[in-house]
Structure formats: C-alpha cells, structure tokens
Amino acid sequence: MSDKPSFPLALAYLIDALNSWFGKACAWLTVFLVIGTAIVVVLRYGFGIGATALQEAVLYAHALVFMGAAAWVLQRNGHVRVDIFYQKFSGRRQALVEIFGNLLFLLPVTLFLGWASWDYVSNAWATFEASSESGGLKFVYLQKSIILVLVVSLVLQGISNLIKALYIFSGRLPAPEVKHG
C-alpha cells in the first residue's frame with residue numbers, strides 16, 4: 001500500500017493548508033488592529049485630528065480577522081461547542097457527528113449566507129462602493145467581499161472536515177485520540 005493519500009484526502013489536506021495559511025495571515029492583522037486603534041485614539045484625543053481612512057482600515061482588518069480566520073478556527077476545532085456527550089464519544093462516533101453536523105448545519109447555513117449576501121456584495125462591486133465619510137476609503141466593495149471570503153473558506157473547510165470524517169468513520173484514517181475529562 002502506498003503512503004500517498006487518495007485524491008479526496010489530498011484535497012482535504014490542501015484545503016487545510018490553504019485555510020491554515022490564510023487564517024494565520026488574518027490573525028496577524030490583530031497587531032495592526034492594536035497599533036491602528038492606538039494611533040486613531042492618540043490623534044483624535046491628543047491632537048484633535050481625525051483619521052477616517054485609518055479608522056476604516058482598522059474596521060476592514062477587524063472584519064478579516066474574524067471572517068478570514070473562521071475556517072482556520074473551525075479546522076482547529078476552536079469554535080465554541082456545547083457538547084455534553086460528544087467529548088466522551090469514540091473517534092468513529094465523533095466522525096459520524098461531524099458528518100451530520102457538516103451536512104445538516106455548516107454547509108447549508110454557509111451556502112445560504114452566500115446566497116443571501118450575493119446581491120449585497122455584487123451591488124457594492126457594480127458601483128465600486130466607497131466610503132460616505134470625507135477622507136474615507138474608496139474600497140467598501142472589498143470590505144463587503146469579505147463575507148464571500150468567509151463563505152468560500154467555510155464551505156471548503158466543511159468539505160475537508162467531511163472528507164476526513166468519512167475516512168475516519170470508514171476506518172481508512174485513524175481517529176484522533178479522545179480526550180476524557
């Protein structure tokens with residue numbers, strides 16, 4: 001038997017790598033959030049100078065931190081999970097929960113979000129929507145596109161998680177060790 005993973009598993013690992021890289025890059029934006037916010041506060045309250053563009057850039061970065069890194073957090077199982085029983089399940093049973101959770105909740109809700117936000121984002125692109133504030137950024141259409149970044153990355157991560165859960169459930173991939181207590 002070859003050590004090379006099958007195509008679906010290789011695809012899942014590629015998705016994991018891309019979402020991990022993108023999530024880590026987005027997480028580094030928190031440094032900019034702190035520095036940018038500090039500069040805005042010092043300028044405004046220390047010198048009476050408004051920095052609208054910088055303030056809006058901080059908002060864009062804030063959106064990317066949360067929406068851009070969401071799939072990476074999902075991949076790392078870092079989202080809040082209310083699990084009374086799940087943590088005590090065997091790896092195979094956890095995989096079954098993951099399969100149904102992805103098929104019944106994550107993928108449908110994420111695809112609905114994409115469908116529901118499509119007009120909102122495409123209208124912003126059609127007009128190259130810009131800030132209504134004087135001195136604001138001219139890229140509101142890009143900020144609104146972050147919603148679709150969230151959708152695409154979550155759908156891809158859901159597919160990756162589904163592939164891996166199917167492999168675990170079928171016994172073709174070892175289940176992660178179950179942590180008790």
Side-chain angles (χ1 to χ4, degrees), residues 8 11-41 43-45 49-83 97-166:
L11 178 64
Y13 293 151
L14 175 64
I15 291 168
D16 286 351
L18 291 173
N19 275 335
S20 179
W21 175 85
F22 188 65
K24 289 175 186 175
C26 289
W28 274 101
L29 288 172
T30 56
V31 175
F32 171 70
L33 289 176
V34 172
I35 294 169
T37 301
I39 291 170
V40 167
V41 169
L43 287 175
R44 174 165 298 164
Y45 296 107
I49 300 170
T52 306
L54 180 57
Q55 193 168 351
E56 288 184 1
V58 167
L59 289 174
Y60 288 30
H62 187 260
L64 260 176
V65 166
F66 286 93
M67 289 194 253
W72 177 50
V73 174
L74 176 65
Q75 176 191 115
R76 297 173 49 87
N77 209 12
H79 288 285
V80 174
R81 181 191 294 253
V82 180
D83 61 2
V97 170
E98 290 297 324
I99 291 166
F100 285 113
N102 276 283
L103 291 175
L104 297 176
F105 299 108
L106 177 68
L107 292 173
V109 168
T110 306
L111 290 170
F112 176 76
L113 176 63
W115 175 79
S117 63
W118 184 260
D119 285 343
Y120 177 71
V121 175
S122 62
N123 287 339
W125 271 88
T127 61
F128 292 109
E129 186 177 348
S131 175
S132 60
E133 299 295 323
S134 174
L137 297 177
K138 299 180 184 335
F139 311 110
V140 172
Y141 61 97
L142 290 176
Q143 182 188 30
K144 290 182 177 184
S145 298
I146 297 170
I147 298 168
L148 298 180
V149 169
L150 169 73
V151 168
V152 169
S153 64
L154 281 177
V155 165
L156 288 173
Q157 192 59 51
I159 291 168
S160 172
N161 290 354
L162 185 60
I163 290 168
K164 291 180 291 188
L166 286 167

Tightest non-hydrogen contact, residues Ser153 and Ala71, listed as O-CB, 3.4 Å
Enter the distance from Phe22:CZ to Leu64:CG here, rounded to the nearest 0.5 Å. 5.5 Å
Least distance between heavy atoms, Ile99 atom then Ala165 atom: CG1-CB, 3.7 Å
Going by atom type alone, with no hydrogens or angles, which donor-acceptor pairs under 3.5 Å involve a side-chain atom of residues 103-121 and a protein atom two or more places apart or on another chain?
residue	atom	partner	partner atom	Å
Thr110	OG1	Leu106	O	2.7
Ser117	OG	Leu113	O	2.8
Ser117	OG	Gly114	O	3.4

Between OG of Ser20 and CD1 of Ile15, what distance do you get to the nearest 0.5 Å? 13.0 Å
Minimal heavy-atom distance between Ala61 and Phe32, with the atoms involved, is CB-CD2, 3.6 Å
According to salt bridge (Lys or Arg N to Asp or Glu O under 4.0 Å), who are the partners of Glu98, at least two apart in sequence or on a separate chain? Arg81
Give the table of side-chain donor-acceptor pairs shorter than 3.5 Å for residues 154-162, with sequence neighbours excluded, one pair per line with atom names and distance.
residue	atom	partner	partner atom	Å
Gln157	OE1	Asn19	ND2	2.9
Gln157	OE1	Gln75	NE2	3.1
Gln157	NE2	Asp16	OD1	2.9
Gln157	NE2	Asn161	OD1	2.9
Ser160	OG	Ala12	O	3.1
Ser160	OG	Asp16	OD1	2.7

Taking all atoms of both residues into account, what is the closest heavy-atom pair of Ala51 and Val40, and its distance? O-CG2, 4.3 Å
In Å and rounded to the nearest 0.5 Å, what is the OG1 to NE2 distance from Thr30 to His62? 10.5 Å
Would you please name every residue forming a side chain to side chain contact (heavy atoms under 4.5 Å, CB included) with Ile35, sequence neighbours left out? Val31, Ile39
Mind checking side chain to side chain contact (heavy atoms under 4.5 Å, CB included) for Leu137 and listing every partner two or more places apart, or none if nothing turns up? Ala53, Glu56, Ala57, Tyr60, Phe139
After noting the C-alpha distance and the side-chain angles of Trp125 and Leu142, does the key distance pass the side-chain contact (heavy atoms from CB on, under 4.5 Å) rule? CA-CA 8 Å; Trp125 271 88; Leu142 290 176; 3.6 Å; yes
For Lys138, enumerate each residue passing the side chain to side chain contact (heavy atoms under 4.5 Å, CB included) test, keeping only those at least two apart in sequence or located in another chain. Ala130
